[in-house]
Each structure stands twice: as structure tokens, then as C-alpha cells.
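Scroll down for the structure; my scribbles are underneath it.
No experiment lies behind these values; they were computed from the predicted model shown.
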Amino acid sequence: MRQLLRFAWIEAQCCLFAVLFFLGLALVRVVPLPVNPADALLVWSLGVTLVLWLVRWETGREVAVIFGFHLVGLVLELFKVAQGSWSYPDTGLATVGGVPLYSGFMYAAVGSYVCQAWRRFDLRITTYRARSTAAVAALIYLNFFTHHVTWDVRLPLALLLLAVTWRTGVHFTVGRRRYAMPLALSFVLIGFFLWLAENAATLLRAWEYPSQESVWTLVHAAKLGSWSLLVVVSIVLVAGVKAREGQLYGRPGDRTVLRAYEAPEVKDPLPLADRVPAAGS
């Protein structure tokens, strides 16, 4: 139970950006404002990003990743809203193609979580097939666009993802103990909690699906699979940066992504016994 509470506390810290975003979403719904709620939420999100960087909760590199996620999410939003997959009840002035600019921060919150978890849990990914996993992630992202005009191949892509991440592990520290799980399982777990967050966001009218326009209903469970696949894109983007540690920045020994062909060269990369976390984790 002590370990579970430690794990929950670290998770809560990793989710700070997302929690503050939801706080802002709730505030713009209950506090009378002189501006459109969508514009107010954009200002709030920008302010949260700035404050977290100034207090060094987020590093400059992590802020850059967050804005990268913002752009990736905004492109997807523009297409999906144009297709009528969902809509925004409030748009405001800071809007492009019916999509308020604050929407990108919902994806940025996912990026912030991944970056924070990598640091606070002392994450390591081992036996990682960088190119094949990135290729599948690109196909997954592309399928979110193409399934409107051709076949939806998310199930075959999910099976392909299981194949390329076979024996790929995520290793993390809680207290003084080291744990591990399959990378594919982490996609499903994160996707589940994102689905819960999506239900809360639609309840607060951040956006709405066609079935929710007259009265709020629970988001369809099929979206859980969509979020699990979208998480793949998030983790691959961060892993791409982490795999370059020692080349773009830091030292070679700082790498936290170990490719499949490099794994045998690492001394004891998968310890499950007690160990002291690395400094700064």
C-alpha cells in the first residue's frame, strides 16, 4: 500500500499540467468573464506553461516538446472538426477553422505527462525498435485522417504495434524499488485514463460529439482504443528525443532509450530488485 501511495503521488505530480488545464476549464464555466471562455482558456493555458517553466517544473526542452504536441494535436483537430467528428461550443477570437487554439493544449498536457513521467519515474525503455515503432506510429497518426475516405485499419495497426513492441519493456522506479511492464501495456493504461479525462472534458463542454449536443452522454468505449493508439505517437516523439541523449545533449550514459541491438551491451539494464533511483529522478 505504501508503494501504491508513492506511485499515486508521483503520478499526480506528472499530471500537474493536465490538472491545471482542467481547473482553468472549470473556472471559465463558472466565473463570469468579459471575454469568450475559449479565449480565456487559451490565456490560462499559456500562463500555466510560462509559470511551470519559470518555477522549473518544466525544463526548456520539455516546454519545446509540449508545443510540438500542441501543433500535432492542432492539425488533427482542424481535420476532425472539418469532418464533423466533434465540435466546439465556444470558439472565441483565437480560432482557426472552427477550432479554438486552446485545443492544442489538451494534447500538450499528454506530452507534459510523458516528459514528467520519464523524469520522475526514472523511465527506461529497453529493446526498443526505434524505426519500426516510429513507422507504425506514423501510420497510426495517418489513419486518423485516412479512415474518413478509405478503410479504418486501426485493428491491423494495433496488431502490428504489438509485433514491433514485442519484448520492449518500460522500467520505472517507485521509492527504492524498480518495476517493469511491457511497453504495449503502458499504451493501454494511459489510453484508459485519457478516456476518463475525455469524459470529464466533454462534461465541462471543452468539446462535444454529435451524440452529446442535446444532452451529455458517456463517451463511447471505442474511443479508449483510439486514445491508446494516439499515445503511441506521443511516446514515440519523446523517445526520439531521449534516444539522442549524449548526441544532442547530455552524456552517452544518460540515454534512457536502449535500442534492441544495443540492449545486450548494457550492464544489468533490467533490474527488478531494490535500487536507489538515479540522481535527479
Side-chain angles (χ1 to χ4, degrees), residues 1-19 52 57-59 61-62 65-66 69 109-130 133-134 137 161-162 164-197 227-246 250-260 262-281:
M1 180 58 69
R2 186 183 298 114
Q3 285 294 88
L4 182 60
L5 292 175
R6 285 174 175 170
F7 177 78
W9 172 239
I10 298 173
E11 283 284 354
Q13 295 177 71
C14 296
C15 293
L16 180 62
F17 188 101
V19 170
L52 291 182
W57 188 270
E58 308 270 11
T59 66
R61 193 159 50 244
E62 289 170 347
V65 171
I66 287 173
F69 276 92
V110 179
S112 173
Y113 167 79
V114 174
C115 289
Q116 289 286 328
W118 219 293
R119 176 155 47 91
R120 297 180 184 277
F121 282 109
D122 191 21
L123 252 61
R124 298 290 185 274
I125 294 183
T126 55
T127 319
Y128 183 66
R129 301 168 183 86
T133 307
L161 179 67
L162 287 176
V164 300
T165 58
W166 188 254
R167 297 186 181 277
T168 301
V170 179
H171 309 267
F172 57 99
T173 299
V174 180
R176 297 177 61 89
R177 284 198 62 84
R178 193 71 170 160
Y179 301 91
M181 72 169 67
L183 179 62
L185 177 58
S186 70
F187 296 149
V188 176
L189 292 175
I190 297 174
F192 171 72
F193 285 101
L194 288 175
W195 177 75
L196 293 179
W227 278 114
S228 298
L229 290 175
L230 194 58
V231 167
V232 178
V233 180
S234 305
I235 292 182
V236 164
L237 287 174
V238 178
V241 176
K242 294 294 183 179
R244 301 282 288 176
E245 287 172 329
R251 299 168 298 176
D254 295 334
R255 289 182 307 160
T256 58
V257 177
L258 307 178
R259 294 182 175 88
E262 296 172 328
E265 302 175 7
V266 180
K267 295 181 179 179
D268 192 23
L270 315 177
L272 296 181
D274 292 354
R275 81 175 186 89
V276 179
S281 63

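- With values rounded to the nearest 0.5 angstrom, L185 atom CG is found 10.5 Å from T165 atom OG1.
- The side-chain contact (heavy atoms from CB on, under 4.5 Å) search around L5 returns M1, not counting sequence neighbours.
- By the side-chain hydrogen bond (donor to acceptor under 3.5 Å, both in side chains) test, R6 pairs with Q3, sequence neighbours left out.
- To the nearest 0.5 Å, atoms CG (L194) and CG (L189) are separated by 11.0 Å.
- Interatomic distance, F187 CZ to L162 CG, rounded to the nearest 0.5 Å: 9.5 Å.
- Shortest non-hydrogen contact noted between A137 and V232 is CB-CG1, 3.9 Å.
- The CD1 atom of I10 sits 7.0 Å away from the CD atom of Q13 when rounded to the nearest 0.5 Å.
- The side-chain tip of R119 does not point at the ring of F121 from less than 6.0 angstrom away and within 45° of straight on.
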- Message: H171 vs T126, test: side-chain contact (heavy atoms from CB on, under 4.5 Å). Steps then yes/no.
- Response: CA-CA 8 Å; H171 309 267; T126 55; 2.8 Å; yes

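- With sequence neighbours excluded, no residue satisfies ring pair (Phe, Tyr, Trp, His ring centres under 6.0 Å) with F192.
- Note: I125 CD1 to S186 OG = 7.0 Å, rounded to the nearest 0.5 Å.
- Residues forming a side-chain contact (heavy atoms from CB on, under 4.5 Å) with A197 (at least two apart in sequence, or on another chain): F22.
- Annotation: side-chain hydrogen bond (donor to acceptor under 3.5 Å, both in side chains) contacts of W227 (sequence neighbours excluded): E198.
- When side chains are defined from C-beta on, V65 counts as touching V238, because their heavy atoms get closer than 4.5 Å.
- Put simply, the side chain of F7 does not reach to within 4.5 Å of the side chain of Y179, judged on heavy atoms.
- No side-chain heavy atom of F172 sits less than 4.5 Å from a side-chain heavy atom of D122.
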Sequence neighbours excluded and cut-off under 3.5 Å, please list the side-chain donor-acceptor pairs for residues 109-117, or say none.
residue	atom	partner	partner atom	Å
S112	OG	E58	OE2	2.6
Y113	OH	E11	OE1	3.0
Y113	OH	E11	OE2	3.1
Q116	OE1	R120	NE	2.6
Q116	OE1	R120	NH2	3.2
Q116	NE2	W57	O	2.9
Q116	NE2	E58	OE1	3.1

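- Listed by chain and residue number, R129 satisfy the side-chain hydrogen bond (donor to acceptor under 3.5 Å, both in side chains) test with T168 (two or more places apart in sequence, or in another chain).
- Rounded to the nearest 0.5 Å, atoms CD1 (I235) and OH (Y128) are 8.5 Å apart.
- Looking at T127 and R167, their side chains never bring a donor and an acceptor atom within 3.5 Å of each other.
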